[in-house]
**Student:** 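Pasting a structure below so you can have a look.
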Amino acid sequence: MEKFASHVFNDAVMREKLPKQAYKALKKTIEYGLPLNADLAEVVAGAMRDWAVQKGATHFTHWFQPMTGITAEKHESFISPTTDGRVIMEFSGKELIKGEPDASSFPSGGLRSTFEARGYTAWDCTSPAFLKEDASGVTLCIPTAFCSYTGEALDKKTPLLRSMEALSKQALRVLKLFGNSTATKVVSTVGPEQEYFLIDKKYFDQRPDLIFAGRTLFGALPPKGQELEDHYFGSIKERVGAFMKELNTELWKIGVYAKTQHNEVAPAQFEIAPIFTSANIASDHNQLVMDTLKKVANRHGLVCLLHEKPFAGINGSGKHVNWSMSTNDGENLLEPGHTPHQNMQFLTFLSAVIKAVDDYAELLRLSTACAGNDHRLGANEAPPAIISIFLGDQLTDILEQLCNGGATNCKVGGKLELGVSTLPPLPADATDRNRTSPFAFTGNKFEFRMVPSSISIAGPVFVLNTIVAESLSYIADRLEGAQDFTAELQKVLKEIVQKHKRIIFNGNGYSEEWVKEAEKRGLLNLRSTVDALPYFITEKSIALFEKHGVLTSKEINSRYEIVLENYSKQINIEALTMLDMAKRKILPAVNSYVTSLASSISIIKNAVATADTGVQEEMVLEISGLLKELKSRIDRLEKVTLEAKELHDDSLAQAAYYRNEVLTAMNDLREVCDKLEVLVAEELWPFPTYQQMLFKL
């Protein structure tokens, strides 16, 4: 308790350090979005500086989240020279509110030319400042938004903040119709579960594919994988436990609500999950979680892998984003209560989400699109690429009743009798869970299971906020002018359910039957990033984001270009890494081994003319054949990688070529290398194996 948030300039610290009037004014800015004047900023900056310096800070930074997908920071010291040759520690309100990092080297998707360098960071007072403590010392980190000289968003945070305001505005319209006069704000709340792998650093350092691509581009499966399910929730090894202990301490210091930790399904895979908080803070916290995972792992001689599919053939890693809506007076708008069939406010907000997901399924899918996630979706507890909603038996039944004239009852859970007298009966939930659903209702929230492990949650959450805001806007428009509110509400909900129930699916998302059924229902199956991204720049999508002030047309097109470019760059890096590993390491190792086998045949026959060398000869023939195929596939990958670069003038065509030709050539090269791995003597194979990396922690 003493450590938690000890490095955070939170509400308790502000109340203590700020003058009473300044504290009240800042709270109004945070809670109601009122303008922050320069005098107040000066007072806050002084208090923040004194607190940080007292904690050992020597520098401050505007901590922001550019379109690179990671965080960025430029450190400035507090020192300022005096006339007598000494220094004092200064930090002004202007420095707090605004920073000016060079924007030219950050992705802009064509919004800015390289020579147009100016960019600005603006203090986000809704996310508390915090202290980062590492080998460089103690630094005051101020969460900020990042924009161009001409005002366009160049980051992940800005559209998220805009979407939160859009959702709040539309949700309050609906709440007012239900008689809620106390709520002044509705906040999207988020709890992202973070999956990750840990491997020994000595193995990581010997794998160029992990260093450059974040995933293994070669690797034969070990004799044992995850088929016994013995790693899941298993006893945590001491080395990993020591890592988790330090991880929790570091996260608690900076106010991250780290709650749950456990072994995940795959060997060497783990998960950490936080307590819910507002979407903006949750997004910031998740970036800090990913950064801290890597730093703490390094201190323990480990490396944390956040790629969606670092190892083929076993579970990949996701980031299950649990999402809901809450009022500032404490009401969860997705809480069904004991009688959800009678809770019309809950059913209204539930219906709004259903409509949003069906109307804009393509946007949800593309919000999770990246090269890594394309390898993960569709198996091993990752949802399929088809967007659907799991509601469970109880809510599905209630919605069917709404379609047929009105909900009059609901299914209840009852008790689970375990058959042992000393064990108490357990209350049974009214519905099961579905681990194959990309968007599942789990009691009082939705779990968006499609989100990849390596990206910022800001993208998926701002999309979700915006599409639900649009649905709520539609409902409010219908109800605000109604003469009979109850009758119109029943009509609106019935229409929504009838039109959008096609998106509801409670079955097995992995089955081929579902793929066929989804196609009959008219649901999209966007299997890859290249399939999904063009939906971002349609008239429908642009109209949505511009209507709610979340993104302009220019900002949308820039993000489209950035993601496509990143997709192509990622696969290009992987292809070049594969070629380097295959040509400089694998091919020489295989050649050396087959040469030694051939030499052994001659040595044996010279020693004993009648000796049977049939086994060695078979091995030489098999490996020589694979060696020839290896060289052929290396040549093929080199060819298509060069051809892909020539398509740089058309980003979509280039990305499609990388997906269709380069990835295919990479998979072909991997196939032959993985066959060779199990034939070549272990001591000659140039890279650590899956067996070593996954089972030697």
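Here the structure is a predicted model, which is why all the values come from computation and not from measurement.
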**Student:** Could you give the distance from CG (Asn566) to CZ (Arg559), rounded to the nearest 0.5 Å?
**Tutor:**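 These two atoms lie 12.0 Å from each other.
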**Student:** When rounded to the nearest 0.5 angstrom, what distance separates OG1 in Thr277 from NE2 in His285?
**Tutor:**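 So the OG1 of Thr277 and the NE2 of His285 are separated by 6.5 Å.
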**Student:** May I ask you to check whether Tyr257 and Phe4 place their ring centers less than 6.0 Å from one another?
**Tutor:**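 Between Phe4 and Tyr257, which both carry aromatic rings, the centre distance is below 6.0 Å.
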**Student:** Tell me, which pairs form a salt bridge (Lys or Arg N to Asp or Glu O under 4.0 Å) where one or both residues lie in residues 36-53, sequence neighbours left out?
**Tutor:**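 Salt bridge (Lys or Arg N to Asp or Glu O under 4.0 Å) check on residues 36-53 returns no pairs.
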**Student:** Measure the spacing between CD1 of Ile142 and SG of Cys125 and express it to the nearest 0.5 Å.
**Tutor:**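 Reported to 0.5 Å precision, the distance equals 12.0 Å.
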**Student:** In terms of ring plane angle, is the pair Phe439 and Phe448 parallel, tilted or perpendicular, where the classes change at 30° and 60°?
**Tutor:**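 Answer is perpendicular, since the angle exceeds 60°.
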**Student:** Are Glu561 and Ser651 linked by a side-chain donor-acceptor pair shorter than 3.5 Å?
**Tutor:**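 Looking only at side-chain atoms, Ser651 and Glu561 do form a donor-acceptor pair, the distance falling under 3.5 Å.
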**Student:** Do the charged groups of Asp374 and Arg659 touch, with an N to O distance under 4.0 Å?
**Tutor:**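 No, no charged N to carboxylate O under 4.0 Å.
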**Student:** Look at the side chain of Ser558 and the backbone N and O of Glu555, then say whether any donor-acceptor pair between them is shorter than 3.5 Å.
**Tutor:**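 The answer is yes, because a donor-acceptor pair under 3.5 Å joins these two groups.
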**Student:** When you check the gap from the basic side-chain N to the acidic O, do Asp11 and Lys27 get nearer than 4.0 Å?
**Tutor:**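 A salt bridge links Asp11 with Lys27.
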**Student:** Look up atom CD in Gln170 and atom OG1 in Thr466, then write down how far apart they are to the nearest 0.5 Å.
**Tutor:**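 Answer for the CD-OG1 pair, Gln170 versus Thr466, is 11.0 Å.
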**Student:** On the 0 to 90° scale, with breaks at 30° and 60°, tag the Tyr120-Tyr149 ring pair as parallel, tilted or perpendicular.
**Tutor:**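 If you compare the ring of Tyr120 with that of Tyr149, the planes turn out tilted.
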**Student:** Taking the side chain from Asn373 and the backbone from Ala369, do they hold a donor-acceptor pair closer than 3.5 Å?
**Tutor:**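 Not at all, since once roles are kept as given, no pair shorter than 3.5 Å links the two residues.
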**Student:** Between Glu31 and Lys185 (salt bridge meaning N to carboxylate O under 4.0 Å), is one present in this structure?
**Tutor:**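 Salt bridge: no.
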**Student:** Who pairs with Thr83 by side-chain hydrogen bond (donor to acceptor under 3.5 Å, both in side chains), at least two apart in sequence or on another chain?
**Tutor:**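 Listed in chain order: nothing, the list is empty.
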**Student:** Does a side chain donor of either Ser127 or Asn280 reach within less than 3.5 Å of an acceptor in the other side chain?
**Tutor:**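 Ser127 vs Asn280: no donor-acceptor pair found between side chains.
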**Student:** Taking the six-membered ring of Tyr360 as reference, does the cationic atom of Lys540 (NZ for Lys, CZ for Arg) lie under 6.0 Å from its centre and within 45° of its axis?
**Tutor:**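 Positive - Lys540 is close enough to the ring of Tyr360 and near enough to its axis.
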**Student:** When you measure from the side chain of Gln654 to the backbone N and O of Ala644, does any donor-acceptor pair fall under 3.5 Å?
**Tutor:**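 Yes: the side chain of Gln654 pairs with the backbone of Ala644.
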**Student:** Hey, are Asp531 and Arg365 close enough for a salt bridge, meaning a charged N less than 4.0 Å from a carboxylate O?
**Tutor:**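 Looking at Arg365 together with Asp531, the answer is no, because their closest N to O distance does not fall below 4.0 Å.
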**Student:** Under the side-chain contact (heavy atoms from CB on, under 4.5 Å) test against Leu36, which residue among Val44, Leu96, Ile97 passes?
**Tutor:**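 Going through Val44, Leu96, Ile97 one by one, the side-chain contact (heavy atoms from CB on, under 4.5 Å) with Leu36 is satisfied by Ile97 alone.
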**Student:** Mind checking the CG-NE2 spacing from Leu663 to His375? Nearest 0.5 Å is all I need.
**Tutor:**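 Rounded to the nearest 0.5 Å, the CG-NE2 separation comes out at 5.5 Å.
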**Student:** I need the minimum non-hydrogen distance between Leu217 and Met578, along with the two atoms involved.
**Tutor:**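 Taking Leu217 first and Met578 second, the nearest heavy atoms are CD1-CG, 3.4 Å.
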**Student:** When you measure from the side chain of Ser80 to the backbone N and O of Ile88, does any donor-acceptor pair fall under 3.5 Å?
**Tutor:**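 Looks like no, no N/O pair under 3.5 Å.
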**Student:** Using distance alone, with no hydrogens and no angle criterion, decide if His62 and Thr144 have a side-chain donor and acceptor under 3.5 Å apart.
**Tutor:**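 No.
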**Student:** I need the minimum non-hydrogen distance between Ala532 and Leu366, along with the two atoms involved.
**Tutor:**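 For Ala532 and Leu366, the tightest heavy-atom pair comes out as O-CD2, 3.6 Å.
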**Student:** Just to verify, what does Glu133 make a side-chain hydrogen bond (donor to acceptor under 3.5 Å, both in side chains) with, not counting sequence neighbours?
**Tutor:**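 Result, side-chain hydrogen bond (donor to acceptor under 3.5 Å, both in side chains) vs Glu133: His7.
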**Student:** Before accepting this row, confirm whether a basic side-chain N of the pair Glu250/Lys295 lies closer than 4.0 Å to the acidic partner's carboxylate O.
**Tutor:**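 No, this pair does not count.
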**Student:** Measure from the side-chain N and O atoms of Ser168 to the backbone N and O of Glu165, and report whether any donor-acceptor pair falls under 3.5 Å.
**Tutor:**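 Such a contact is absent between Ser168 side chain and Glu165 backbone.
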